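First up is the structure itself, then whatever we jot down about it.
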2 protein chains.
Amino acid sequence: MNYSKQRESVLQALRENVVHPTAEYIYDIMSKSDNPVSLATLYRNLNQLTEAGKIKKIDGLENSAHYDHNTSEHYHFICTECKKVFDVPAEVADAVVKNTEEKTGFVIQSHDVIFRGLCNNCKNR
Amino acid sequence: MNYSKQRESVLQALRENVVHPTAEYIYDIMSKSDNPVSLATLYRNLNQLTEAGKIKKIDGLENSAHYDHNTSEHYHFICTECKKVFDVPAEVADAVVKNTEEKTGFVIQSHDVIFRGLCNNCKNR
DNA sequence: AAATTTATGATAACAATTCTCAGTTTATAA
DNA sequence: TTATAAACTGAGAATTGTTATCATAAATTT
């Protein structure tokens with residue numbers, strides 16, 4: 001993987017975004033910035049960065065993928081009201097994995113958890 | 001929701017399939033059966049059945065959704081080798097939810113867990 | 001059995017993503 | 001340094017999974 005200005009900008013855009021954005025969202029904010037990229041380049045780089053483990057792709061939310069610059073082990077929460085995505089700690093992860101490996105005999109390489117509910121803003125109306 | 005022969009066949013096809021199929025897979029096997037349905041009808045019914053809680057839609061696996069006739073609480077495992085999807089027990093679910101609610105303050109309405117790894121067939125080459 | 005509601009198939013439309021390809025950058029090697 | 005190769009880019013076409021449209025048909029209600 002070579003260096004490229006565009007890829008750097010994509011990473012940068014992700015880092016500046018607390019609320020894990022979709023490709024479309026990133027595209028829009030980058031388009032308004034002084035470092036716009038084409039859609040093809042954006043998707044290409046999101047895939048490459050994911051592949052390289054520099055960002056995380058979050059599937060299973062609505063129709064489109066979300067992206068996360070936080071690569072440490074953690075889970076995700078999506079608010080059914082405001083649709084924002086939050087990181088949540090994955091404290092019981094080891095227990096979950098061990099338990100499942102024991103029950104099934106399967107070899108677990110990774111796992112993802114998505115919670116749905118109301119965030120602290122939305123739960124108080 | 002009215003009765004319909006086609007919807008019954010869709011449910012039937014799902015029940016006969018241990019390995020949670022995609023819409024495309026169901027469409028293919030039904031097309032070869034003596035109860036074929038159109039793609040539109042298939043998707044319509046999968047959505048309705050999901051809505052009605054009679055089946056479960058599994059998002060976050062590859063590109064397309066998988067469907068599960070098992071509506072009891074459980075998690076899913078996809079084999080990275082053979083791509084089959086298995087049910088796994090959700091025994092620690094309560095602990096996971098409670099822990100996360102306490103740490104975040106969020107109200108959790110539901111959660112999904114997807115494991116990736118090697119199933120019993122594939123782990124032995 | 002007429003009227004109303006809901007379902008169907010064929011196919012068009014759609015949204016998210018990937019592919020193609022000619023031109024440009026970046027890295028490598030002579 | 002050039003010059004060669006490898007990786008990257010933007011524009012837009014193509015693909016994929018899914019939903020919408022609509023005329024007809026089946027199911028339910030009266």
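Lettering of chains follows the sequences in order, A, B, ..., and the numbering in each one begins at 1. Since the model is a prediction, treat every value here as computed from it, not as a measurement.
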query: So, the side chain of B/Lys84 versus the backbone of B/Val18: is there a donor-acceptor pair under 3.5 Å, distance only?
result: no
Contacted region of DNA chain C by chain B, from 5' end to 3' end of the hits, cut-off under 4.0 Å to heavy atoms, spans C/dT6 to C/dT11
Residues at least two apart in sequence or cross-chain that pass side-chain hydrogen bond (donor to acceptor under 3.5 Å, both in side chains) with B/Ser9, listed by chain then number, are B/Asn35
Next item on the list: For the pair A/Tyr75 and A/His111, name the ring-plane relationship: parallel under 30°, tilted 30 to 60°, perpendicular over 60°.
Entry: perpendicular
Just the atom pairs and distances: protein N or O near nucleotides 7-18 of chain D's N or O, under 3.5 Å.
from   : atom 1 : to      : atom 2 : distance (Å)
D/dA7  : O4'    : A/Asn2  : ND2    : 3.2
D/dA7  : O3'    : A/Asn2  : N      : 3.4
D/dC8  : OP1    : A/Asn2  : N      : 3.1
D/dC8  : OP1    : A/Arg7  : NH2    : 2.6
D/dC8  : O3'    : A/Ser4  : OG     : 3.4
D/dT9  : OP1    : A/Ser4  : OG     : 2.6
D/dT9  : OP1    : A/Gln6  : OE1    : 3.4
D/dT9  : O3'    : A/Gln6  : NE2    : 3.0
D/dG10 : OP2    : A/Ser38 : N      : 3.3
D/dG10 : OP2    : A/Ser38 : OG     : 2.9
D/dG10 : OP2    : A/Thr41 : OG1    : 2.0
D/dG10 : N7     : A/Arg44 : NH2    : 3.0
D/dG10 : O6     : A/Arg44 : NH2    : 3.1
D/dT18 : OP1    : B/Ala65 : N      : 3.1
D/dT18 : OP2    : B/Tyr43 : OH     : 2.6

Kindly determine whether B/Thr80 and B/Leu118 satisfy side-chain contact (heavy atoms from CB on, under 4.5 Å), including the steps that lead there.
CA-CA 6 Å; B/Thr80 52; B/Leu118 299 172; 3.7 Å; yes
Here the side-chain hydrogen bond (donor to acceptor under 3.5 Å, both in side chains) pairs for residues 17-32 of chain B, sequence neighbours left out, are B/His20-B/Asp68, B/His20-B/Asp87
Show the atom names and distances, to 0.1 Å, of all donor-acceptor pairs under 3.5 Å that link a side chain in residues 92-104 of chain B to residues at least two apart or in another chain.
from     : atom 1 : to       : atom 2 : distance (Å)
B/Thr100 : OG1    : B/Val96  : O      : 2.8
B/Glu101 : OE2    : B/Ile108 : N      : 3.0
B/Thr104 : OG1    : B/Thr100 : O      : 2.7
B/Thr104 : OG1    : B/Phe106 : N      : 3.1

Show me, pair by pair, the donor-acceptor contacts under 3.5 angstrom made by side chains of residues 46-56 of chain B, not counting sequence neighbours?
from    : atom 1 : to      : atom 2 : distance (Å)
B/Asn47 : ND2    : B/Tyr43 : O      : 3.4
B/Gln48 : NE2    : B/Asn45 : OD1    : 3.1
B/Thr50 : OG1    : B/Leu46 : O      : 2.7

